[in-house]
Amino acid sequence: MSSDTLSKAAAPAPPAAADVPRIVPQRRTGQWIAAAVVLALLGLAVNSVLRNDAFQWDVVAEYFTTSSVLRGLGLTLWLTALVMALGFALGTLLAVMRLSANPVLQAVSWGYVWLFRSMPILVQLLFWFNIGALYPQILGVKTVDLFGPVTVAIIGLTLHEAAYAAEVVRGGILSVDRGQIEAAQALGLGRHRRWRKIVLPQAMRAIVPPAGNMLIGTLKGTSIVSVIAVQDLLYSVQLVYHRTYQVIPLLLVATIWYVVVTSLLSVGQHYVERHYARGTGR
Amino acid sequence: MSASAMVEVKSVRKSFGPLEVLRGIDLDVQAGEVTVVLGPSGSGKSTLLRTINHLEKVDSGWISVDGSLVGYRRSGDKLYELREREVLRQRTQIGFVFQNFNLFPHLTVLENVTEAPLSALKRPRDQVAATARRLLDRVGLADKADAYPKQLSGGQQQRVAIARALALEPKLLLFDEPTSALDPELVGEVLDVIKDLAHQGTTMIVVTHEIGFAREVADTVVFMDEGRIVERGTPAEVLDAPREERTRAFLSKVL
């Protein structure tokens, strides 16, 4: 519409080509020099990495797809997925509690986020790992049998994740215009329908980028469970280098896998964002 | 209190914190009648409109639409607040058009119009879609069914919002400054749609600053100031021969 108006306005008096001086862009010599210097430094770095035999790329290749590494990768992936799913489920509940009209629910939600954001995840894992000191038995079962390393990892990471997810989801919900909820109420849409069809799809636009950040953070953050001997990707390579002393190449194996998975997730995030950007004209 | 009143508002009061925005409102609107509410900003006219479909709860007094109390159930000398489900059912009979349209940006124009009949009235999808297309045709936007709201002009968006309100076949339509957010050249197309509805005998209450529209379409004009109804009457009475000084002062500024 605006382009119509513009072209109509411009139409009566097209400027004669000969009268109009040509525009010459500024010469940006500095930019070219800066780019050349950076590329040269990058080349030196790559060269040194490839030529330094201490990196032992042959060892990296040897262990990259061994079954113990792949099992560790598998555990890292499902642990990440489970923690994200449970963390966001609990986080959404906490966000809705925080935004409810009930002051008790608000306070509990606030207190949860305060507590679990204050506690370092490492401290929390060690705490759950030693929960038997506080409660030797739970429902007649010995606590140490109940809280194995993997269970502790799931509980600790989920509780930590939920505190952050709660804030991400709350921010997303707050980003939805109040008028959207009023319009849905005026049309007689029920509470559940309002959330599912009107509020959450719009909140997702604000939730997806930080949630993508959290997903990638969690993927790498799960490596902390190696301290309680859960055989994730990092612990699997550690087990190997404790035996063979090939520390650097095995850390490279883990690093490359983390980079590969992170890259795939970033691509996935792009498509999820595109889905939720429907109708925004961006 | 006439037997055929579509809307009755009785002694309604409403405060936001220390500020009393409605200070005892009495109003009735007959079926098929167009009532235009005028008044300066902060006079309480939008709040009054929002109490009629229970988007705002009243502090005292009551409102009824087509004979049933809005938001409450009467038992003896007490009014009990209804459950949300029952309020929502009442709202399906009252169409509301917002100043800022409040279309759902992530849904297409057609989905905006079909959402409420599908989910609130549980009508079959084919029938709802056919009705929605007919309504879009009526507001002149049949070709925009698959567009998203952001792709439309403000005037087109407001016409979609009107079609969305009509999709529930309401007994009453409420318009909250429907043209105030529009560029001047787009006001006419929206007012034309509202006039068209008025001529077909739709009962409506319109809060607006468009004096020309009030003169042409209204059966009753109500002038509000500081939470009270200052004056009401036919357009000729209120607009051309106002009795109250405050009405004269307001009209002299906007005309």
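Chain A is the first sequence line, chain B the second, and so forth, proteins listed ahead of strands; every chain is numbered from 1. All values below were derived from every heavy atom in this structure, side-chain atoms included, with hydrogens, water molecules and symmetry-related copies excluded.
- For B/F16, the CZ atom sits in a packed shell: over 12 heavy atoms of surrounding residues, nucleotides or ligands are nearer than 6.0 Å.
- Note on B/F96, B/Y148, B/F104, B/F98: by heavy-atom pairs under 4.5 Å with chain A, the leading option is B/F104.
- Between B/E84 and A/R194 a salt bridge is recorded (basic side-chain N to carboxylate O distance below 4.0 Å).
- Note that CD1 of A/I198 is 5.0 Å distant from CD of B/E115, once rounded to the nearest 0.5 Å.
- Note that the CZ atom of A/R193 and the CG atom of B/L118 stand 7.0 Å from one another [nearest 0.5 Å].
- Atom CG in A/L187 sits 5.0 Å away from atom CZ in B/R164 (nearest 0.5 Å).
- Residues B/A120 and A/G188 come closest through the heavy atom pair CB-O, 3.5 Å.
- Distance check, rounded to the nearest 0.5 Å: CZ of A/R191 to CZ of B/R85 gives 10.5 Å.
- Put simply, the side chain of A/Q185 does not reach to within 4.5 Å of the side chain of B/H54, judged on heavy atoms.
- Contacts between B/L174 and chain A at a heavy-atom distance below 4.5 Å are absent for every atom of the residue.
- Across A/A183, A/A184, A/P201, the residue that shares the most heavy-atom pairs under 4.5 angstrom with chain B is A/A183.
- At least one side-chain heavy atom of A/K197 sits under 4.5 Å from a side-chain heavy atom of B/L107.
- Atom CD of residue A/Q202 and atom NE2 of residue B/H106 lie 5.0 Å apart, to the nearest 0.5 angstrom.
- Enclosure of atom NZ in B/K195 by more than 12 non-hydrogen atoms of other residues, nucleotides or ligands within 6.0 angstrom is indicated.
- For B/N100, no part lies under 4.5 angstrom from a heavy atom of chain A.
- Using a 4.5 Å cut-off on side-chain heavy atoms (C-beta onward), A/Q180 and B/P105 make contact.
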